[in-house]
Number of protein chains: 2
Amino acid sequence: MNTSKGLEAWAKFFVASTRLNQVMEDAMKLEGLPPLEVYDVLWTLERAPDHSLRFTDLGERVLLSRCNVTRLAEKLEGQGLIERERCPNDRRGVYAVLTKEGLKLRKDMWKRYSALIEEHFSSHLSEKEQTQLIDIMKKVWQEPIRADEKSSCPGAV
Amino acid sequence: MNTSKGLEAWAKFFVASTRLNQVMEDAMKLEGLPPLEVYDVLWTLERAPDHSLRFTDLGERVLLSRCNVTRLAEKLEGQGLIERERCPNDRRGVYAVLTKEGLKLRKDMWKRYSALIEEHFSSHLSEKEQTQLIDIMKKVWQEPIRADEKSSCPGAV
DNA sequence: AGAAATTTGTTGCAAATGCAACAAATCAGG
DNA sequence: CCTGATTTGTTGCATTTGCAACAAATTTCT
């Protein structure tokens, strides 16, 4: 059973993730790009079948509470990045559907975002270290398996 | 340069840190304990000389914006966890000083927090993996070196 | 010494967030 | 069917957060 080393690992992990996230957010904002949360939503929709997801599903994957999904969706719809569509089978349900503009913005954000990842993260690690990190992260957090999901592509935030 | 593997590493890193953080926060809240941000502040003060730090320094280390330091300090003071003390050398400055109650709460929180770290993080990793992770985190984020003593108290050399 | 620039903490305001209550729709089980 | 329980999305409310303006104190530079 581990004590100090495990705790030190957590501390370093926690600090690094917090700081790097902050650095990325600041850099994105500095160029007038939306926060990474928006990227996350757009990218999640892009991977989903028909570029659409029910609000509940979207919230689960993106880690937003329900009310926040409603409000964020409202805002994104106002910017023409997504559209709402009522679910035919379940009249409670609402789909968020990615628009062309949303797709374009996602790609534009990715240009900058991927460069930031490279600059502040990947470039500091050897390929071997990257592999090690991937393995370690897998052990520490396993995303629940979703039935749909297309295979990996750019930055599954 | 490398591309896909570095980006995958970032994605996994980002998701794991976000989710684990959420898990920990929820668990703490479930037991009526304050959020980890409070732990962070208390622990930062505890490590500092005389258990005290100027608001600016505190904000830098804990990653709070200035106004948030003021307000969080206000709240913690109301709960008797810290005290404010004016800086003698710089009449703009305010120190946040840890109280006995603050120290006690920090320790109580740590009992639970460390158990959560063990449960959700350390126990999933071998000692070797923990070492690897520490090394990788160091490469990816190096905390600025603080000239830790009364550094930011001007004129107090 | 004195004017300009910078730092430090506070405050008002607007936006974001979490929580709980809510109505409508669906589901479960007799 | 029918009643009660659950799910889904929305909304009101209180809290939190970030941003910008601000005054006081200090530093810088001439």
Side-chain angles (χ1 to χ4, degrees), chain A residues 18 21-30 32-41 45 52-79 82-97, chain B residues 18 21-30 32-41 45 52-79 82-97 150-157:
Chain A
T18 305
N21 206 45
Q22 186 82 34
V23 167
M24 308 267 189
E25 288 283 7
D26 289 349
M28 294 294 277
K29 173 177 291 185
L30 205 66
L33 291 168
L36 292 180
E37 181 190 52
V38 171
Y39 181 85
D40 194 7
V41 168
L45 285 176
S52 72
L53 277 178
R54 285 187 64 155
F55 278 18
T56 300
D57 296 331
L58 187 57
E60 273 176 20
R61 304 189 190 201
V62 172
L63 202 55
L64 291 171
S65 55
R66 290 207 186 94
C67 57
N68 286 338
V69 175
T70 299
R71 280 158 182 159
L72 181 55
E74 204 173 301
K75 207 172 56 176
L76 297 183
E77 194 188 18
Q79 301 173 343
I82 67 170
E83 282 172 354
R84 295 150 140 265
E85 206 174 284
R86 297 215 70 90
C87 172
N89 308 319
D90 185 342
R91 288 193 293 181
R92 294 168 302 182
V94 183
Y95 279 110
V97 189
Chain B
T18 305
N21 207 46
Q22 185 81 34
V23 167
M24 307 266 189
E25 289 283 7
D26 289 349
M28 294 294 277
K29 175 178 290 187
L30 205 66
L33 293 167
L36 292 180
E37 181 190 50
V38 171
Y39 180 86
D40 195 8
V41 169
L45 285 175
S52 73
L53 277 179
R54 283 186 67 157
F55 278 19
T56 300
D57 296 331
L58 187 57
E60 272 176 20
R61 303 188 190 204
V62 173
L63 201 54
L64 289 172
S65 54
R66 290 209 186 92
C67 57
N68 286 338
V69 176
T70 299
R71 282 159 182 156
L72 182 54
E74 203 172 302
K75 207 171 57 174
L76 296 183
E77 194 188 18
Q79 301 173 344
I82 68 170
E83 281 171 356
R84 296 149 140 265
E85 205 173 283
R86 299 215 69 91
C87 173
N89 307 317
D90 185 341
R91 287 193 292 178
R92 295 168 302 179
V94 183
Y95 279 109
V97 189
K150 295 90 179 170
S151 57
S152 75
C153 208
V157 173

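Below, chains carry the letters A, B, ... as their sequence lines are ordered, and counting in each starts from 1.
- In this structure, A/Leu58 places its CG atom 17 Å from C1' of D/dT7, rounding to the nearest Å.
- Counting non-hydrogen atoms under 4.0 angstrom, B/Arg91 reaches the backbone sugars and phosphates but no base.
- Under a 3.5 Å cut-off, the side chain of A/Arg84 and the backbone N or O of A/Glu77 do not form any donor-acceptor pair.
- Between A/Gln22 and A/Phe55, the one whose closest nucleotide on DNA chain D sits nearer the 5' end is A/Phe55.
- For D/dT15, the OP1/OP2 oxygens have no side-chain nitrogen or oxygen of B/Lys75 closer than 4.0 Å.
- Distance CD (B/Glu37) to P (C/dT17): 15 Å, rounded to an integer number of Å.
- A straight line from CG of A/Leu30 to P of D/dC19 spans 12 Å, rounded to a whole angstrom.
- Checking A/Ser65 against A/Asn68 by side-chain atom types alone, a donor-acceptor pair falls below 3.5 Å.
- Remark: B/Asp90 engages B/Arg54 in a salt bridge, criterion side-chain N to carboxylate O under 4.0 Å.
- Between B/Ile82 and B/Val97, the closest side-chain pair of non-hydrogen atoms is not below 4.5 Å.
- For the pair A/Glu25 CD and D/dG18 P, the interatomic distance rounds to 11 Å; values are reported in whole Å.
- Side chain of A/Arg66, nearest nucleotide from D/dT8, D/dG18, C/dC19: D/dT8.
- Backbone-only contact: B/Ser65 has heavy atoms under 4.0 Å from sugar-phosphate atoms and none from a base.
- Between B/Asn68 atom CG and C/dG12 atom P there is a gap of 16 Å when expressed in whole angstrom units.
- A donor-acceptor contact under 3.5 Å is formed by the side chain of B/Arg92 with the base of C/dT7.
- For the pair A/Glu74 CD and D/dT11 C1', the computed distance is 10 Å after rounding to whole Å.
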Side chain to side chain contact (heavy atoms under 4.5 Å, CB included) between B/Glu85 and B/Val94, intermediate numbers included: CA-CA 6 Å; B/Glu85 205 173 283; B/Val94 183; over 6 Å; no

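- One interatomic measurement links the two molecules: CD of A/Glu60 to C1' of D/dT7, which rounds to 12 Å at whole-angstrom precision.
- With DNA chain C read from its 5' end, the first of the two nearest nucleotides for B/Thr70 and A/Leu64 is the one closest to B/Thr70.
- Atom CG in B/Leu72 sits roughly 16 Å away from atom P in D/dT15 (whole-Å rounding).
- Close to C/dT10, at under 4.0 Å from its OP1 or OP2, lies a side-chain N or O of B/Arg84.
- The nearest heavy atom of DNA chain D to A/Cys67 and to A/Asp90 marks one nucleotide each, and the one closer to the 5' end goes with A/Asp90.
- Heavy atoms of A/Asp57 sit nowhere under 4.0 angstrom from any nucleic acid atom.
- Counting distance only, with no hydrogens placed and no angle test, the side-chain atoms of B/Arg71 and the base atoms of D/dG18 include a donor-acceptor pair under 3.5 Å.
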